Amino acid sequence: GDNVTLVVRKNRGEDAVSVTYDPVELDVNNMKLKFPHEMFINGKFVPALSGKTYETINPATEKPICTIPVAAKEDINLAVRAAKKAFENGEWKQMNARDRGKLLYKLADLMEQHKEELATLESLDAGAVYTLAIKTHVGMSIDVWRYFAGWCDKIQGKTIPISHARPNRNLCLTLREPVGVVGLITPWNYPLMMLSWKMAACLAAGNTVVHKPAQVTPLTALKFAELAALAGFPPGVINIVTGSGGVIGDALTNHPHVRKIGFTGSTEVGATVMASCAKSNVKKVSLELGGKSPLIIFADADLEKAVKQACGAVFFNKGENCIAAGRVFIAKSIHDDFVKKLVEETKKYTIGDPLDRSTAHGPQNHKAHLLKLVEYVQKSVDGGAKVEIGGERLDREGLFFPPTILSNVEDDNFAAKEESFGPIMCVSSFDDDNLEDVLRRANSTEFGLAAGVFTKDASKSLRVAEALQAGTVFVNTYQKTDVAAPFGGFKQSGFGKDMGEEALNEYLQTKTITIEY
Ligand code: TAP
């Protein structure tokens, strides 16, 4: 189609500038969808320097959507240079904190105006169920931009009573300063939401950013770049570079001018990222990594609610969910009946086209992931688990794997230890009278992202919540995250928080100023 020209009005009566892009145009989901398919560097949509591209695939059809640039180290260098310049000299640096907040609010408003397009793109590129994408992938992204927009002019230091150098007096104060150029690397499960959780806090703190979305799901990040340009972010403040983690993710984590990496992804890659940050220039780093979150259901729970929530805890977003309940422990006295009810509930999930408003369960994100799920079930069954429902790829177009329940998952089974990152519930029973034992089993994992407990006994729920080694514990609910509540893991699920006031700390450094008078 014809190039799209965005006229960007600047804040203080400055000249309007325009940003042009070569659009992909699709007639889909009852709308005319237009979006960029090139990277966004220094305020412009550009191809890779090499000119190389790859195709991003729709998992509901396994057909290509459009081409995307394959960036290399040189492209990362350009983006970092632009971000460094924007951080050190530009309009961004001089901007009042309150005006920075206005920009973030404006971006959130634009995201809201374009939320159907963003949700449609998330559905096409990631297989996200459209109705869920509106609420969660996009809805929570908008919320997090607004939440951090409000923080911009509330980032404050302290005045501290230090000892005086008598006869003189001393005053000590602290400034909370941005760290500089930040690299953000995100996975494919919630592409826009992972970008937003990190970037909103990062920009609220006054940094500039180079973001690398996951290779298999770049589209919402590029549409986001269009909206950021429209909102009037100065060139270089936000840069989005597309390509492979092994090449450009690595270049970003090793770059000498990047001062902080915010990473969400697997524990294995997270460890590599941390090592690169250390070796290159001792970058600050925060890691949101894998999980194998236990969910414990006691016999005295509201069982009807627990059945629904347990299914949601595992099958939400096709199981492509970092806090998905990776193990479900059910009290022996209710186990058999509870599993029957889980199977009944699971049968209610309508599987289909993610854009269809009646669909509850869409295709898995990409092919390699789907194949791993098939293998996951095989290995667990070989280890003695029983398939109660599901377990095999569906015989239809697209990358569909049904909600699956494995019971009889013993502690040494593959499925008791490894994260599936898919819609596979791994059920074990526990002795009603031995609280210590189920807590020991729930904690016997190197992960510590989330955990859940269902019981009507208030003191038991608090004792269990205290004992569970996880960054987030849900009591009589699951999956209830909020942009105002800090989120992040313990143990090998990483460190550093997204969301809530605490997330700002990941993108700030404290300067202590001591004055004598
Ligand atoms: P990874 O393979 O770790 O990929 C995450 C990101 O890192 C991708 O953008 C990837 O690029 C990039 N990457 C790969 N190798 C890299 C390297 N050497 N240096 C720098 N970056 C590199 O994870 P995944 O398979 O996409 O995501 C699934 C995992 O993420 C699961 O373990 C899940 O639990 C975790 N996760 C955690 C959370 C939270 S909040 N804790 C949220 C979502 C997901 P490519 O595009 O080339 O792969």
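Just so it is clear, the model here is predicted, and its values are computed rather than measured. Counting convention: from 1, in listed order, for ligands and their atoms alike. Count residues from 1 along the sequence.
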Residue pairs passing the side chain to side chain donor-acceptor pair (under 3.5 Å) test where at least one lies in residues 44-56, sequence neighbours excluded: T56-D125
Return the protein residues near ligand 1 (heavy atom under 4.0 Å from any of its atoms), ordered by chain and residue number. I185, T186, P187, W188, N189, M194, K212, A214, Q215, S244, G245, G246, G249, D250, F263, T264, G265, S266, V269, V273, E288, L289, G290, G291, C322, E419, F421, L449, F487
Cation over ring face, K260 and Y507, 6.0 Å, 45°: yes
E397: salt bridge (charged side-chain N to carboxylate O under 4.0 Å, His left out) partners, not counting sequence neighbours: K63
Tell me which pairs pass side chain to side chain donor-acceptor pair (under 3.5 Å) where either residue lies in residues 199-215, with sequence neighbours left out. T186-H211
If I compare all heavy atoms of Y130 with all of S123, which pair ends up nearest, and what's the gap? N-OG, 4.3 Å
Provide the closest heavy-atom pair for E320 versus N189 in the form atom of the first, atom of the second, distance. O-CB, 3.2 Å
